[in-house]
2 protein chains.
Amino acid sequence: MSKKKEVTIYDIASALNISIATVSRALKNDPVVSKRTKKKIFDLAEKMGYRTNHFARNLRNQKTNTIGVIVHELNSNFITSVLAGIEKVTAEAGYDLIIAHSSESFSKEIANAKNLFHKRVDGLIASLSLETKNLDHFKSFEEKNVPVIFFDRVEQEGNNTVVVIDNDKCGYQATQHLIQQGCKRIVHITSNLKRNVYSKRFKGYKEALADNGIPYDEKLLIINDLSERAAIESTMKMLKMNPLPDAAFITNDFVAAICMRTLKENNIKIPEDIAIVGFNNDAICTLVEPALSTINYPGIDVGEVAASNLINHLKGIGNLQNTNTIIIRSNLIIRKSSLKK
Amino acid sequence: MSKKKEVTIYDIASALNISIATVSRALKNDPVVSKRTKKKIFDLAEKMGYRTNHFARNLRNQKTNTIGVIVHELNSNFITSVLAGIEKVTAEAGYDLIIAHSSESFSKEIANAKNLFHKRVDGLIASLSLETKNLDHFKSFEEKNVPVIFFDRVEQEGNNTVVVIDNDKCGYQATQHLIQQGCKRIVHITSNLKRNVYSKRFKGYKEALADNGIPYDEKLLIINDLSERAAIESTMKMLKMNPLPDAAFITNDFVAAICMRTLKENNIKIPEDIAIVGFNNDAICTLVEPALSTINYPGIDVGEVAASNLINHLKGIGNLQNTNTIIIRSNLIIRKSSLKK
DNA sequence: AAAAAAAATGTAAACGGTTACATTTATCAA
DNA sequence: TTGATAAATGTAACCGTTTACATTTTTTTT
């Protein structure tokens with residue numbers, strides 16, 4: 001089962017009786033090579049089944065042409081949209097992608113970072129796990145001047161570049177909308193408040209309450225880990241409240257969908273008894289009943305913006321040093337789950 | 001913004017006044033190097049921040065340590081499960097992954113195959129797009145003896161190795177179950193019958209009908225492209241049938257969910273008026289109302305099996321030459337959407 | 001037709017590992 | 001102490017590109 005020997009520029013050169021330098025230049029379409037020679041070389045390369053050895057090239061060029069991506073989970077509509085956006089931009093620019101996921105574990109995130117660092121990615125795009133306590137594992141990238149862009153779950157310390165939405169405003173809008181529907185006891189189901197996305201949405205939630213003269217009640221705040229089991233538990237907590245809340249702002253559509261199912265199983269009417277607003281605008285929103293109001297968080301845009309900024313930086317166009325925060329447009333989508341009137 | 005120079009085995013060697021050969025051997029933990037020397041080398045490598053240059057190594061070793069994956073779409077629960085399974089196995093074995101998706105387009109699948117071929121992946125795992133007409137674009141892999149494993153959407157021509165479920169049986173079981181519920185006019189909503197998965201499920205559907213003395217009616221067969229729009233159109237077609245069908249076996253949970261929503265919008269009761277069985281067992285199944293009966297198609301197992309067979313082949317353990325088909329266990333899950341009694 | 005300038009091509013040294021083979025050093029038996 | 005053997009280390013070629021610099025060929029100018 002011996003592999004056929006690979007064709008190299010030496011084979012092409014000696015077949016045409018020219019130097020490897022000319023072959024190398026021709027294959028990169030260097031204008032310095034004459035059209036006649038180029039044609040001969042292209043044709044023969046095609047015929048011989050030549051393929052570039054990227055290792056030799058990268059070894060020589062001292063760059064990997066690879067972007068690393070670290071996400072917390074793959075099983076998420078939002079994340080796959082972001083990946084699609086990243087993929088689109090990086091593929092066009094001729095970069096490869098190595099995708100790693102941490103399963104929300106800090107130690108796995110550290111391992112992923114170390115691995116991608118050793119693989120020498122030219123740049124990194126990352127969203128933090130729920131458990132992540134610090135950014136020490138990204139220091140090595142900084143030391144070697146490898147650019148890192150964070151998106152969604154980010155940390156503002158130091159001079160990172162981050163791509164986010166205005167989570168504060170989104171939390172405010174969602175809550176304000178529920179208040180306008182006449183809701184007064186609005187539960188907030190969210191996740192680890194150490195993560196910017198959740199703390200900011202929480203901040204917006206509180207601000208909207210305050211602006212409407214509704215006192216903040218910490219009993220209405222429920223934290224969970226975004227799993228199905230946790231979503232059910234959170235809902236049960238909500239059901240035990242007395243008096244029952246009249247709305248819930250939930251920072252994740254999947255959790256919101258589980259919550260709605262559990263509420264319905266317990267004979268709660270949505271939105272009449274409890275109005276619901278989710279977050280992300282996953283495909284699931286229009287499949288559950290009633291359709292789920294949510295914040296539209298366009299993952300594809302996030303991915304595209306993160307990737308194109310990174311690549312422009314790598315190409316020397318633009319510079320991330322002076323770019324601190326990029327805010328992507330987002331908006332509230334009102335559906336039946338929150339329409340009381 | 002000059003990058004700090006990378007540390008190489010030469011730097012370590014000269015710092016310790018030994019040869020690069022010893023350093024190279026030590027870093028690979030070659031037993032031929034003495035413990036004393038090894039320790040010195042490890043410690044210094046750590047201290048100097050040495051990282052292996054994979055390009056130099058791979059160039060010399062003539063292998064890439066990379067597995068290519070081609071899928072039709074990322075936005076699918078099933079596919080992300082498969083990827084998770086593949087990732088688990090390949091990461092443990094120390095292989096990298098390059099993931100490409102064709103967006104169901106034949107030309108993009110060809111481009112992806114060509115790209116991965118030029119990147120010289122050591123092996124390939126692929127599921128075909130809906131549009132794919134032939135496997136010519138995988139011939140180059142065969143020629144260079146690069147192993148290819150197909151999963152889910154496969155083509156049995158030639159001597160490929162494929163990882164699938166018993167789609168025939170699944171189609172039979174789903175249909176049989178609906179018949180047992182008393183259904184007689186069972187619509188089958190599926191996709192391109194040129195793809196094995198759909199043709200086999202269709203075959204099972206027809207066999208179950210035949211075994212129960214129900215004549216096959218081709219008017220009850222609806223083909224679509226799995227998009228939301230197509231799912232709605234398919235449902236409208238179903239609604240226009242006279243008499244109305246009493247069940248639908250739909251080969252995709254997402255399409256089934258859209259279909260259920262559309263039916264409900266048109267005041268059809270599920271399962272009383274029309275019973276539904278989907279396919280895949282996506283998370284969505286228990287979030288729609290009523291909960292969706294489906295075929296459990298464990299993507300993670302598919303991914304793990306495909307990847308471990310590929311890697312064993314690469315390592316010389318086991319051989320794919322004589323492995324034609326691997327069938328993964330699957331089963332019918334009965335929920336409310338199909339329970340008439 | 002010769003000189004000057006421009007275009008095309010060639011030479012050879014990197015890039016950073018791996019490893020067959022050669023050499024040195026350590027260990028042990030007689 | 002010596003020679004034989006085993007253990008450890010070293011030398012140098014190789015993997016397939018890229019590119020600064022050198023050289024040759026072609027074109028233009030006078």
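A note on names: the letters A, B, ... follow the listed sequences, proteins ahead of strands, and every chain is numbered from 1.
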Colleague: Can a salt bridge be assigned to the pair D43(A) and K47(A) using a cut-off of 4.0 Å between side-chain N and carboxylate O?
Modeller: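 Judged by the 4.0 Å cut-off on N to carboxylate O distance, D43(A) and K47(A) do not form a salt bridge.
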Colleague: Rounded to the nearest Å, what distance is computed from the CG atom of residue N58(B) to the P atom of nucleotide dT17(D)?
Modeller: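 Rounding to the nearest Å, CG of N58(B) and P of dT17(D) are 15 Å apart.
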Colleague: In whole Å, what is the span from the CG atom of D30(B) to the P atom of dA7(D)?
Modeller: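 Rounded to whole Å, this separation is 13 Å.
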Colleague: Could you state the CG-C1' distance from L16(A) to dA8(C), rounded to the nearest angstrom?
Modeller: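 In whole Å, dA8(C) C1' and L16(A) CG are 15 Å from each other.
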Colleague: Grab the NE2-P distance between H54(A) and dT18(D) for me, whole Å please.
Modeller: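 Rounded to whole Å, this separation is 10 Å.
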Colleague: So, does T132(A) use its side chain to make a donor-acceptor pair with the main chain of N134(A) at under 3.5 Å?
Modeller: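 Not confirmed, T132(A) side chain does not pair with N134(A) backbone.
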Colleague: With a 4.0 Å cut-off on N to O distance, would you call E131(A) and K194(A) a salt bridge?
Modeller: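 So E131(A) does not pair with K194(A) through a salt bridge.
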Colleague: How does protein contact run along nucleotides 13-21 of chain C, one letter per nucleotide 5' to 3', with B for base contact, S for sugar-phosphate only, - for none, heavy atoms under 4.0 Å?
Modeller: BBBBBBBB-
Colleague: Please find out if less than 6.0 Å separates the ring center of F117(A) from that of F138(A).
Modeller: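 No, they do not, as the ring centres are separated by 6.0 Å or more.
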Colleague: Compute the ring centroids of H137(B) and F106(B), then answer whether they are less than 6.0 Å apart.
Modeller: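 Yes, ring centres under 6.0 Å apart.
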Colleague: Could you tell me whether the phosphate oxygens of dT9(C), OP1 or OP2, come under 4.0 Å of any side-chain nitrogen or oxygen in S34(A)?
Modeller: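 Yes, such a contact exists.
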Colleague: If dT30(D) has a Watson-Crick or G-U wobble mate with both distances under 3.5 Å, name it; if not, just say none.
Modeller: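 Across any shown strand, dT30(D) pairs with dA1(C).
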Colleague: Could you tell me the separation between the NZ atom of K35(A) and the C1' atom of dT26(D), rounded to a whole number of Å?
Modeller: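 Rounded to whole Å, this separation is 14 Å.
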Colleague: Considering only NZ, NE, NH1 and NH2 on the basic side and carboxylate oxygens on the acidic side, decide whether E109(A) and K133(A) come within less than 4.0 Å.
Modeller: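 No salt bridge links E109(A) with K133(A).
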